[in-house]
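The first residue of the sequence shown is numbered 1, and numbering continues consecutively from there. Counting convention: from 1, in listed order, for ligands and their atoms alike.
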Amino acid sequence: MPKKNTVLVTAATGNVGPHAVAQLLQAGADVRALVLKDDPNIGRLPAGVELFEGDLADPDSLDAALDGVDGVFLMWPFFTTSVETAPAVVKKIEARARRAVLVSSIGVHIGLERVDNNCHAYLEELLEATALEWTFLRTTGFQANALGFAQQIKDGGVVHFPYGAATRTSVHEADLAAVGVAALTEDGHAHQKYLVTGPEAQSQEEQVHIIGEVLGRELGWQDVEHDAARAAMVATGWPPSYADGALDYFAALTKEPELGSTVVQDVTGRPARTFRSWAEEHVEAFR
Ligand SMILES: NC(=O)c1ccc[n+]([C@@H]2O[C@H](COP(=O)([O-])OP(=O)(O)OC[C@H]3O[C@@H](n4cnc5c(N)ncnc54)[C@H](OP(=O)(O)O)[C@@H]3O)[C@@H](O)[C@H]2O)c1
């Protein structure tokens, strides 16, 4: 019997990982999930995946998970994990795998993320220097980022956040995963830098309005001023340069909407999911 395509998914229990794992299993791959010791979110993973304990901050801990893989769905949780170990991790992937998909960012696409400011550009640079068949998913913000509004919606229904008029083309995490799964299971995606977006542009305030419609409640929006928002972000652990980058980008998106693409439809053959459909799936998180 021919060997099955074996794929390792990192950040497997985050927002994208469980979709990637489920879709790879559906595509007939042998799927491995990299999980931290005592990961509290293991329940998000579907049956049939093989779990490997490992930490991106400790490259040698990835050896068992990487031995025998054909592809890696690479996500780097850059708020919690320094990119110091990224060169060693990429080297280990290159030594074993043929393909690697990196969840990168639209920030790299539009030149907003400098190599010294964010790991996406740095990881792209490391992968580009390898012999791997890499594919970059330069994604917009996730529709799941709206979960960050959930507590305020539950508490009173007015969302306090900067730049309500910032207009984004947020992508459904399952669609982002589907583009990556295609790149790991089909030919024709090597060395592509895909701009992955949702199907429509919506302001953050409009997204909250849609959540309200799905909930059957009127919700409000209150802009938080730039400086106050920056101070709050830094207080919760954002590196100041990331906070500045995000807020400056939001400010720019109040004047010009975020870029959109047809990559989800082109690569998967299915239309990209709307924010309304995401809100319907996740309505319980806002009650
Ligand atoms: N959110 C956005 O709008 C956005 C936009 C552009 C790009 N991205 C990119 O999308 C990627 C995926 O995002 P996500 O929200 O699905 O996941 P994430 O928040 O980046 O990562 C969370 C996952 O990583 C695991 N993890 C944390 N530290 C780890 C380490 N040192 N070694 C191995 N695993 C570790 C967590 O395990 P536990 O469950 O145990 O904590 C969890 O499974 C991000 O890495 C980011 O680069 C996101």
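Polar contact check, Gly17 against ligand 1: no nitrogen or oxygen pair lies under 3.5 Å apart. Polar contact check, Ser104 against ligand 1: no nitrogen or oxygen pair lies under 3.5 Å apart. Among the atoms of Ser105, none of the N or O lies under 3.5 angstrom from an N or O of ligand 1. No N or O atom of Pro40 sits closer than 3.5 Å to an N or O atom of ligand 1.
Each of the following atoms of ligand 1 lies closer than 4.0 Å to a heavy atom of Asp39: 37 (O), 38 (P), 39 (O), 40 (O). Residue Val16 has at least one heavy-atom neighbour below 4.0 Å for each of these atoms of ligand 1: 16 (O). Near Thr80, with a cut-off below 4.0 Å to any heavy atom, the atoms of ligand 1 are 27 (C), 28 (N). Less than 4.0 angstrom separates some heavy atom of Phe78 from each of these atoms of ligand 1: 46 (C), 47 (O). For ligand 1, the atoms lying closer than 4.0 Å to a non-hydrogen atom of Asn41 are 39 (O). Of all the atoms in ligand 1, the ones that sit under 4.0 Å from a non-hydrogen atom of Thr81 are 28 (N), 29 (C), 30 (C), 31 (N).
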Check against salt bridge (Lys or Arg N to Asp or Glu O under 4.0 Å), Asp248 and Arg230: CA-CA 10 Å; Asp248 290 349; Arg230 183 183 189 278; over 6 Å; no
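Ligand 1 has at least one atom lying under 4.0 Å from a heavy atom of His120. Residue contacts with ligand 1: Gly107 is excluded, as none of its non-hydrogen atoms falls under 4.0 Å. For Cys119, the heavy-atom gap to ligand 1 stays at 4.0 angstrom or more. Ligand 1 lies nowhere less than 4.0 angstrom from a heavy atom belonging to Thr10.
Contact annotation: for Trp76 versus ligand 1, heavy atoms closer than 4.0 Å belong to the backbone alone. Contacts between Asn145 and ligand 1 below 4.0 angstrom, taking non-hydrogen atoms only, involve the side chain exclusively. Residue contacts with ligand 1, taken as heavy atom pairs separated by less than 4.0 Å, involve Leu36 solely via side-chain atoms from C-beta onward.
In this structure, the protein non-hydrogen atom closest to atom 36 (C) of ligand 1 is Thr13 OG1, 4.2 Å. When hydrogens are left out, the protein atom nearest atom 15 (O) of ligand 1 is Asn15 ND2, 2.8 Å; that is the closest non-hydrogen contact. Shortest contact from atom 31 (N) of ligand 1 to any protein heavy atom: Asp55 OD1, 2.8 Å. Nearest non-hydrogen protein atom to atom 12 (C) of ligand 1 is Met75 SD, 3.5 Å. Protein heavy atom in closest approach to atom 5 (C) of ligand 1: Thr140 O, 3.9 Å. Considering only non-hydrogen protein atoms, atom 48 (C) of ligand 1 sits nearest to Phe142 CZ, 3.3 Å. Distance from atom 6 (C) of ligand 1 to its nearest protein heavy atom, with residue and atom name: Thr139 CG2, 3.5 Å. With hydrogens left out, the protein atom closest to atom 11 (C) of ligand 1 is Val103 CG1, 4.0 Å, a heavy atom.
Taking the six-membered ring wherever Trp is involved, the centroid distance between the rings of Phe78 and His120 falls below 6.0 Å. Ring to ring, Phe149 and Phe286 are not that close: their centroids are 6.0 angstrom or more apart.
Of the candidates Leu8, Val89, Leu34, Leu8 is the only one forming a side-chain contact (heavy atoms from CB on, under 4.5 Å) with Leu66.
The heavy atom nearest to atom 18 (P) of ligand 1, considering only Ser61, Pro77, Gly141, Ala12, is found in Pro77. The option with the heavy atom closest to atom 32 (N) of ligand 1, from among Leu56, Leu74, Val171, is Leu56.
Note on residues 15-36: no pairs pass side chain to side chain donor-acceptor pair (under 3.5 Å), not counting sequence neighbours.
Between Glu53 and Lys37 no salt bridge is recorded (no basic side-chain N to carboxylate O distance below 4.0 Å). For the pair Asp60 and Lys92, the salt-bridge criterion is met [side-chain N within less than 4.0 Å of a carboxylate O]. Between Glu124 and Lys193 no salt bridge is recorded (no basic side-chain N to carboxylate O distance below 4.0 Å).
When side chains are defined from C-beta on, Asp175 does not count as touching Thr268, because their heavy atoms never get closer than 4.5 Å. Ile153 places a side-chain heavy atom less than 4.5 Å from the side chain of Arg217. A 4.5 Å side-chain heavy-atom check between Gln265 and Pro271 finds at least one atom pair inside the cut-off. Counting heavy atoms from C-beta on, the side chains of His189 and Tyr194 come closer than 4.5 Å.
Applying the side-chain hydrogen bond (donor to acceptor under 3.5 Å, both in side chains) test to Thr13 and every residue at least two apart in sequence or in another chain returns Asp39.
Residues Val196 and Leu184 share a hydrophobic cluster, clusters being chains of Ile/Leu/Val/Met/Phe/Trp/Tyr side chains in contact below 4.5 Å.
When the shell of 6.0 Å around CD of Glu186 is examined, it contains more than 12 heavy atoms from other residues, nucleotides or ligands. Counting non-hydrogen atoms of other residues, nucleotides and ligands closer than 6.0 Å to NZ of Lys91 gives a total of 12 or fewer.
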